Asks: 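One structure follows; several queries about it will come next.
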Amino acid sequence: MFAGRYLWWMLMGIGIFLFATLSLDYITWLMIQLSGCGDMAGACEPALRLISGVLKPACIWTAIGILFMATLLRLQTLSLIWFWGPIVAIWFVASTPILLFIAADAAALTQPATLALLPVAFLFLAAFVTYLMFALEDGDIPLAASVPLRLTLRLTAVYGALAGVAFMPELSRIAGTLLDMPALSVVIALAQPYLQTVLTFGTGSMAPAYAVLAAFIAALAASLLPHAAAPRPSRSAIMLRRLRR
């Protein structure tokens with residue numbers, strides 16, 4: 001999936017998510033007012049159950065699915081799927097609870113307490129998704145040709161994935177339920193505190209995680225500099241290169 005199409009699908013997924021989060025409740029209220037079902041006790045319940053219990057969750061999960069699949073297809077196009085695919089999958093899983101929480105209570109998005117509780121994996125994911133929107137095809141080497149820069153990106157990304165696993169309280173329950181392995185839930189619940197201690201270097205603070213996040217974002221930005229400085233190939237050269245592939 002090339003950059004323009006990837007951007008289109010990402011905007012489509014974000015638009016569906018925002019529609020379900022911000023607009024659907026108002027549309028429901030307007031429908032109730034216009035239909036007059038509020039004048040009769042229980043008359044609006046079937047419509048409310050359909051919209052809140054079926055339509056809204058379907059829109060939210062569809063949006064998350066679009067964002068996830070578009071990102072994987074973009075990585076496949078850039079030949080980055082084998083390393084970055086599992087990393088992105090972990091980031092998406094760790095980010096899903098906060099997305100569902102925001103979808104359930106859109107007003108929480110403006111609260112400083114909620115913004116402070118954003119998972120660090122969500123911030124890694126947001127930075128990486130933004131990076132993938134840049135045009136990196138047509139002979140470019142994505143994610144840094146420099147070995148030290150590429151190593152920095154991979155190490156910080158692995159740290160972000162481990163942080164997503166360590167700081168996701170729902171992980172043990174979700175893993176045990178989906179895989180029908182209660183013992184796995186116990187193992188994850190016991191391992192998470194030790195992993196948190198290692199990732200925070202025993203401080204119990206999220207400062208190391210945010211420092212690694214800053215290094216990750218800086219490395220992504222640095223990897224874009226050669227692409228910005230290099231002259232863009234002509235359209236005929238691009239078409240010839242694609243035909244050779």
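Since the structure is predicted, the reported quantities are computational estimates derived from the model, not experimental observations.
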Asks: Run Met168 and Val93 through side-chain contact (heavy atoms from CB on, under 4.5 Å) and show every step you take.
Replies: CA-CA 9 Å; Met168 182 181 177; Val93 171; 4.0 Å; yes

Asks: Do Leu155 and Phe83 sit in the same hydrophobic cluster, where Ile, Leu, Val, Met, Phe, Trp and Tyr count as joined when their side-chain heavy atoms come under 4.5 Å apart?
Replies: no

Asks: Measure the CZ-OG1 distance between Phe122 and Thr96 for me, rounded to the nearest 0.5 Å.
Replies: 10.5 Å

Asks: Evaluate the criterion side-chain contact (heavy atoms from CB on, under 4.5 Å) for residue pair Met133 and Val129; output intermediate values, then yes/no.
Replies: CA-CA 7 Å; Met133 291 180 185; Val129 163; 4.0 Å; yes

Asks: Kindly compute the distance separating CG (Leu7) from CD1 (Ile14), expressed to the nearest 0.5 Å.
Replies: 8.5 Å

Asks: Please examine the side chains of Thr71 and Tyr6, heavy atoms only from C-beta on, and report whether any two atoms are closer than 4.5 Å.
Replies: yes

Asks: Where is the tightest heavy-atom contact between Trp84 and Leu153, given as atom of each residue plus distance?
Replies: CH2-O, 3.8 Å

Asks: With rounding to the nearest 0.5 Å, note down the distance linking CG in Leu24 to CD1 in Ile16.
Replies: 12.0 Å

Asks: Are Met206 and Phe201 co-members of a hydrophobic cluster defined by side-chain heavy atoms under 4.5 Å apart?
Replies: no

Asks: So which heavy atom on Pro86 is nearest to which on Ile81, and how close?
Replies: CD-O, 3.6 Å

Asks: Locate the shortest heavy-atom distance separating Ala166 from Leu199; write the atom from each residue and the value.
Replies: CB-CD1, 3.8 Å

Asks: May I ask whether Val212 and Leu151 are part of the same hydrophobic cluster, defined by side-chain heavy atoms of I, L, V, M, F, W, Y residues being less than 4.5 angstrom apart, directly or through others?
Replies: no

Asks: Parallel under 30°, tilted from 30 to 60°, perpendicular over 60°: which one fits the rings of Phe128 and Tyr131?
Replies: parallel

Asks: Roughly how far, to the nearest 0.5 Å, is the CG atom of Leu11 from the CD1 atom of Ile66?
Replies: 11.5 Å

Asks: For a 4.5 angstrom cut-off between non-hydrogen side-chain atoms, does Ile60 reach Leu99?
Replies: no

Asks: For Gly164 and Ala121, which heavy atoms make the closest approach, and how far apart are they?
Replies: CA-CB, 3.8 Å

Asks: Taking all non-hydrogen atoms of both residues into account, name the closest pair between Leu220 and Ala127 and its distance.
Replies: CD1-O, 3.8 Å

Asks: Are any of the side-chain heavy atoms of Ile188 and Gln192 separated by less than 4.5 Å?
Replies: yes

Asks: Please assess Val198 against Leu162 for the test side-chain contact (heavy atoms from CB on, under 4.5 Å), listing each intermediate value before the final yes or no.
Replies: CA-CA 10 Å; Val198 172; Leu162 292 176; over 6 Å; no

Asks: Out of curiosity, Ile90 CD1 to Leu125 CG, how far, rounded to the nearest 0.5 Å?
Replies: 12.0 Å

Asks: With a 4.5 Å cut-off on side-chain heavy-atom distances among I, L, V, M, F, W and Y, is there a chain of contacts connecting Leu195 to Val186?
Replies: no

Asks: Taking it one step at a time, do Tyr210 and Leu123 satisfy side-chain contact (heavy atoms from CB on, under 4.5 Å)?
Replies: CA-CA 9 Å; Tyr210 291 122; Leu123 302 177; 3.8 Å; yes

Asks: Looking at side-chain heavy atoms only, is the closest gap between Phe17 and Cys59 below 4.5 Å?
Replies: no

Asks: Mind listing the closest non-hydrogen atom pair of Ala70 and Met10 along with its distance?
Replies: CB-SD, 4.0 Å

Asks: Supply the atom-to-atom distance Trp9 CH2 to Leu67 CG, rounded to the nearest 0.5 angstrom.
Replies: 11.0 Å

Asks: With a 4.5 Å cut-off on side-chain heavy atoms, are Leu18 and Ser23 touching?
Replies: no

Asks: Does the plane of the ring in Phe92 sit parallel, tilted or perpendicular to the ring in Phe68? Use 30° and 60° as the thresholds.
Replies: perpendicular

Asks: Would you say the side chain of Thr200 lies within less than 4.5 Å of the side chain of Ser205, judging by non-hydrogen atoms?
Replies: no

